[in-house]
Undergrad: 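Have a look at this one.
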Amino acid sequence: RPFVRFDASLRGFCDTAMRDSRILNGAGVRADVAGSILVDALGGAIGLPPEIESGPLAKAIALIEARFAEPLTVQGIARAVGVSETQLFALFEDRLQTSPLRFVVQQRMERAALYLTDTRMPIAEIAQQVGYGDQSAFSRAFRRFWGETPAAYRRGRAGSA
């Protein structure tokens, strides 16, 4: 799956990539080129199939993972990665067996689960951090995705916080 939990080795990789991107940008390399290099490297690091590692799908995944808490639309994602909405849907369905917006929800829910188990952040604040305007909408979405409320999810994993 494209979602990645950042362990120490991946964090070190990203720190190195950030440092190198500053060097590349200082040498006149455009930010989008440096970003593509990072997306390709991360794709390989997390074991994405080669056909997903580069191109519009990789760019869409990177955009969603970076901006999952923002209001994202299929039209906006497609425009940002240079494909039509129809092409974007086809890429997601063919390669990931999901739609772009379901992928956004997946990213939000997986991040919310991490916040619930790894922090003591209030649920209302987690809702805001993962892109929901209010706690009740977040709780409904979380229950649909995980099969339990955020509070129950946290209680069931109390030893991990």
Side-chain angles (χ1 to χ4, degrees), residues 1-119 121 123-134 137-138 141-142 144-146 150:
R1 290 174 13 196
F3 183 82
V4 177
R5 183 181 271 248
F6 272 61
D7 61 12
S9 64
L10 192 52
R11 176 136 344 258
F13 172 80
C14 288
D15 290 344
T16 300
M18 293 279 290
R19 185 188 67 244
D20 291 348
S21 73
R22 283 190 216 109
I23 293 167
L24 290 173
N25 286 333
V29 176
R30 292 185 5 216
D32 60 337
V33 173
S36 292
I37 293 168
L38 180 57
V39 167
D40 288 346
L42 282 173
I46 63 176
L48 289 177
E51 65 272 12
I52 296 178
E53 286 184 26
S54 60
L57 183 58
K59 291 176 185 175
I61 290 169
L63 180 136
I64 291 167
E65 288 179 345
R67 298 174 43 196
F68 68 91
E70 298 174 22
L72 295 172
T73 64
V74 173
Q75 179 184 28
I77 296 167
R79 188 178 325 116
V81 302
V83 297
S84 71
E85 293 175 51
T86 303
Q87 289 173 308
L88 186 66
F89 269 107
L91 286 168
F92 270 85
E93 290 293 340
D94 184 48
R95 304 290 187 212
L96 302 176
Q97 291 74 53
T98 192
S99 74
L101 293 182
R102 283 193 304 259
F103 187 78
V104 170
V105 170
Q106 176 186 343
Q107 299 310 298
R108 289 175 175 176
M109 293 299 111
E110 289 181 353
R111 183 65 56 93
L114 288 175
Y115 286 145
L116 289 165
T117 57
D118 295 347
T119 74
M121 190 183 305
I123 292 172
E125 188 175 336
I126 292 172
Q128 294 290 318
Q129 292 292 316
V130 299
Y132 287 86
D134 63 73
F138 166 67
F142 192 91
R144 273 193 307 275
F145 190 85
W146 291 107

Undergrad: Would E65 and R111 pass as an ion pair if we require N to O under 4.0 Å?
TA: no
Undergrad: With rounding to the nearest 0.5 angstrom, report the CG to CG distance, L63 to L72.
TA: 6.0 Å
Undergrad: To the nearest 0.5 angstrom, please state how far the CZ atom of R108 sits from the CD1 atom of I64.
TA: 10.0 Å
Undergrad: Any chance you could lay out the side chain to side chain contact (heavy atoms under 4.5 Å, CB included) test for R102 and E93, step after step, and finish with the verdict?
TA: CA-CA 10 Å; R102 283 193 304 259; E93 290 293 340; 3.1 Å; yes
Undergrad: Work out which heavy atom in P150 is nearest to a heavy atom in F142; give both atom names and the distance.
TA: N-CD2, 3.6 Å
Undergrad: Roughly how far apart are L88 CG and K59 NZ, rounded to 0.5 Å?
TA: 12.5 Å
Undergrad: State, with a plain yes or no, whether a side-chain heavy atom of F68 is found less than 4.5 Å away from one of Q106.
TA: no
Undergrad: Testing the basics here: between Q129 and A69, what is the closest heavy-atom pair and its distance to 0.1 Å?
TA: O-CB, 3.2 Å
Undergrad: Out of curiosity, I61 CD1 to I77 CD1, how far, rounded to the nearest 0.5 Å?
TA: 11.0 Å
Undergrad: Do the non-hydrogen side-chain atoms of R67 and Q107 ever get within less than 4.5 Å of each other?
TA: no
Undergrad: Which value, rounded to the nearest 0.5 Å, describes the distance between L101 atom CG and T73 atom OG1?
TA: 8.0 Å
Undergrad: How far apart are the closest heavy atoms of P100 and V74, and which atoms are they?
TA: CB-CG2, 4.2 Å
Undergrad: For F92, which residues count as a ring pair (Phe, Tyr, Trp, His ring centres under 6.0 Å) partner, sequence neighbours excluded?
TA: F103
Undergrad: Report yes if the side chains of L116 and I123 come closer than 4.5 Å at any heavy-atom pair, otherwise no.
TA: yes
Undergrad: Can you tell me how far the OG1 atom of T98 sits from the CZ atom of F89, to the nearest 0.5 Å?
TA: 10.0 Å
Undergrad: Is the backbone N or O of G131 less than 3.5 Å from a side-chain atom of E70, with the two atoms forming a donor-acceptor pair by type?
TA: no
